[in-house]
Amino acid sequence: MYPYGVGIGRIDPAGRVVWKNFDGAHHWVRIGPDDRIYAPVQIRRTVDHVADNAVEIRCPHAIYDGGVRIYRPDGTVERTVMMAEMLIQNGYPGLIYSVRDDCDPVHTNWVELVTPQIAGRIPGAVAGDLLVSMREPSAIMLFDPVKAKIK
């Protein structure tokens, strides 16, 4: 659901709900060749600071913490990678500090699974990596979703 995520589900051709998750998933999902689903996700969190630093969040209510959630074909969650946490752990906290919306500091907009064809065009990329568009820092990021390592 746009603009702020409610959830995700799979509906069969007859219109029956196969599975559903009300978990903050939202627009521009990608389905991989193995039927895994890669979806932007927003989780509401109440925080005073960005990670463990002195930069205060100026949002008067809970923020929308953005990330990517990977679902197995049956709808179970395989992994969730949160963008702000990964940016800080990989040494890029500056991408969070200069945003225009403290209530939605990352806003993961879109996710693309790196295929062998894409990997051949981006130095350092390998099939299975993810490319993610983050609206607020106005950035596109390539990362390994297993190691949460920014490339």
Side-chain angles (χ1 to χ4, degrees), residues 1-10 19 21-59 62-151:
M1 182 174 177
Y2 181 81
Y4 291 105
V6 173
I8 190 169
R10 179 163 276 180
W19 56 262
N21 292 328
F22 294 105
D23 62 358
H26 60 101
H27 55 288
W28 310 119
V29 303
R30 178 67 59 215
I31 299 175
D34 59 0
D35 285 336
R36 278 189 172 81
I37 301 166
Y38 302 82
V41 65
Q42 290 181 318
I43 298 170
R44 300 271 311 213
R45 298 190 196 280
T46 302
V47 297
D48 294 325
H49 297 85
V50 176
D52 294 326
N53 62 54
V55 177
E56 291 185 21
I57 297 288
R58 298 169 299 220
C59 184
I63 67 165
Y64 292 96
D65 194 4
V68 172
R69 185 159 287 146
I70 303 170
Y71 302 88
R72 295 178 190 93
D74 66 0
T76 59
V77 174
E78 181 175 308
R79 174 178 299 110
T80 302
V81 181
M82 301 308 291
M83 297 298 103
E85 180 181 316
M86 186 170 43
L87 287 166
I88 291 164
Q89 289 176 353
N90 282 262
Y92 298 102
L95 286 175
I96 301 168
Y97 301 150
S98 60
V99 299
R100 62 190 167 110
D101 185 353
D102 274 11
C103 297
D104 192 359
V106 175
H107 194 95
T108 309
N109 243 351
W110 162 83
V111 59
E112 181 69 51
L113 177 64
V114 174
T115 63
Q117 296 82 3
I118 293 172
R121 295 172 166 237
I122 302 174
V126 298
D129 285 345
L130 296 178
L131 280 165
V132 173
S133 167
M134 299 176 293
R135 184 185 73 194
E136 292 307 313
S138 192
I140 295 175
M141 178 169 56
L142 172 71
F143 68 96
D144 176 331
V146 176
K147 297 178 182 176
K149 177 73 176 155
I150 297 172
K151 294 184 171 188

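All figures in this text were calculated on a predicted structure; none of them were measured in a lab.
A donor-acceptor distance shorter than 3.5 angstrom exists from the side chain of Asn21 to the backbone of Gly75, with no hydrogens or angles considered. At least one donor-acceptor pair closer than 3.5 Å links the side chain of Arg69 to the backbone N or O of Asp23. Side chain of Asp104 to backbone of Gly66: no donor-acceptor contact under 3.5 angstrom is found. Looking at His107, its side chain never comes within 3.5 Å of a backbone N or O of Gln42 through a donor-acceptor pair.
One finds the NZ atom of Lys151 at 11.5 Å from the CG atom of Asn90 (value rounded to the nearest 0.5 Å). The distance from the CD atom of Glu112 to the OH atom of Tyr38 is 11.0 Å, given to the nearest 0.5 Å. For the atom pair CD1 (Ile8) and NE2 (His26), the distance works out to 10.5 Å, reported to the nearest 0.5 Å.
Judged as a side-chain hydrogen bond (donor to acceptor under 3.5 Å, both in side chains), and not counting sequence neighbours, Arg10 has no contacts. By the side-chain hydrogen bond (donor to acceptor under 3.5 Å, both in side chains) test, Arg45 pairs with Asp65, sequence neighbours left out.
Side chains of Leu130 and Val114 form no contact here, defined as non-hydrogen atoms less than 4.5 Å apart. Under the 4.5 Å side-chain criterion, counting only non-hydrogen atoms from C-beta, Pro33 is not in contact with Thr115.
Electrostatic pairing of Asp34 and Arg36 counts as a salt bridge here, judged by a charged N lying under 4.0 Å from a carboxylate O.
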Result block: side-chain N/O donor-acceptor pairs under 3.5 angstrom for residues 81-89, not counting sequence neighbours:
none

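Minimum heavy-atom separation, Val68 to Phe143: CG2-CZ, 4.4 Å. Scanning all heavy atoms of the two residues, the minimum distance from Gly67 to Thr108 falls at N-OG1, 3.3 Å. For Leu142 against Ala125, the heavy-atom pair with the smallest separation is CD2-CB, 3.7 Å. In this structure, Arg79 and Pro145 approach most closely via the heavy-atom pair CD-O, 2.9 Å. Between Trp19 and Pro73, the shortest heavy-atom contact is NE1-O, 3.1 Å. Nearest heavy atom pair, residue Pro137 against residue Val106, reads CD-O, 3.5 Å.
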Query raised in the report: Would Ile118 and Leu131 count as a side chain to side chain contact (heavy atoms under 4.5 Å, CB included) if you check the C-alpha gap in whole Å, the side-chain angles of each, and the deciding distance to 0.1 Å?
Result: CA-CA 10 Å; Ile118 293 172; Leu131 280 165; 4.3 Å; yes
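Cation-pi contact between Arg44 and Tyr64: present, with separation from the ring centre below 6.0 Å and deviation from the ring axis of at most 45°.
Atom CH2 of Trp28 is surrounded by 12 or fewer heavy atoms from other residues, nucleotides or ligands within 6.0 Å.
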